[in-house]
Amino acid sequence: DVERSRGLGDVYKRQPKYKPRWWTAEEKDQLVELRAMGVSFHDCADILRRGQGSIAHILKTYELHGAIWNLRQASIDRIMK
């Protein structure tokens with residue numbers, strides 16, 4: 001998915017893999033659950049059909065790292081009972 005621009009020199013611009021769109025609450029919840037399970041950023045991006053940069057951005061913007069940690073800890077506690 002590379003597009004060649006016309007002009008001076010050969011310049012190639014990579015087209016985004018997925019079109020930009022707003023995140024839904026359900027997608028954010030799915031992302032938290034996937035990351036709590038240890039799914040990589042790359043795999044989360046493929047599963048949610050988003051770019052990896054979008055995954056990192058949404059986690060930081062909505063401060064979801066705490067929610068991921070809490071869900072991960074709850075899973076550990078449930079297993080250890």
Side-chain angles (χ1 to χ4, degrees):
D1 298 51
V2 177
E3 174 184 294
R4 183 176 180 182
S5 67
R6 300 186 191 275
L8 297 174
D10 291 337
V11 178
Y12 294 90
K13 295 188 326 186
R14 181 171 296 276
Q15 295 299 313
K17 189 173 182 180
Y18 303 111
K19 291 186 178 188
R21 63 185 195 280
W22 291 104
W23 280 80
T24 65
E26 182 181 1
E27 287 174 314
K28 290 179 211 167
D29 290 343
Q30 290 170 338
L31 176 59
V32 167
E33 290 185 42
L34 290 168
R35 291 296 297 144
M37 291 179 359
V39 177
S40 71
F41 279 72
H42 180 270
D43 289 341
C44 285
D46 285 344
I47 292 166
L48 296 172
R49 301 183 51 78
R50 300 280 184 163
Q52 288 183 50
S54 179
I55 299 292
H57 176 76
I58 208 73
L59 289 174
K60 184 174 181 176
T61 300
Y62 288 93
E63 300 178 355
L64 297 176
H65 297 289
I68 293 167
W69 176 259
N70 291 339
L71 187 56
R72 203 174 274 165
Q73 192 61 48
S75 294
I76 292 168
D77 292 345
R78 188 181 69 251
I79 291 167
M80 298 307 294
K81 285 186 178 183

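For this chain, numbers begin at 1 and follow the sequence in order.
- Leu59 and Trp69 fall into different hydrophobic clusters, where Ile, Leu, Val, Met, Phe, Trp and Tyr side chains are chained together by heavy-atom contacts under 4.5 Å.
- Between Ser54 and Trp23, the closest heavy-atom pair is OG-NE1, 3.1 Å.
- Residue pairs meeting the side-chain hydrogen bond (donor to acceptor under 3.5 Å, both in side chains) criterion with at least one member in residues 41-51, sequence neighbours excluded, are Lys17-Asp46, Glu27-Arg50, Ser40-Asp43.
- For Ala67, the side-chain contact (heavy atoms from CB on, under 4.5 Å) test picks out Val32, with sequence neighbours left out.
- Counting all heavy atoms, side chain and backbone alike, Gly51 lies closest to Ala45 at C-CB, 3.9 Å.
- Going from atom CG of Leu31 over to atom CZ of Phe41 covers 8.0 Å, rounded to the nearest 0.5 Å.
- How far CD1 of Ile68 is from CG of Leu34: 9.5 Å, rounded to the nearest 0.5 Å.
- Evaluation of the salt bridge (charged side-chain N to carboxylate O under 4.0 Å, His left out) test over residues 60-81, restricted to residues two or more places apart or in two chains, returns none.
- Taking CG of Leu71 as the reference point, atom CG of Asp29 lies at 10.0 Å (rounded to 0.5 Å).
- Heavy-atom contacts from other residues, nucleotides or ligands closer than 6.0 Å to NE2 of His65 number more than 12.
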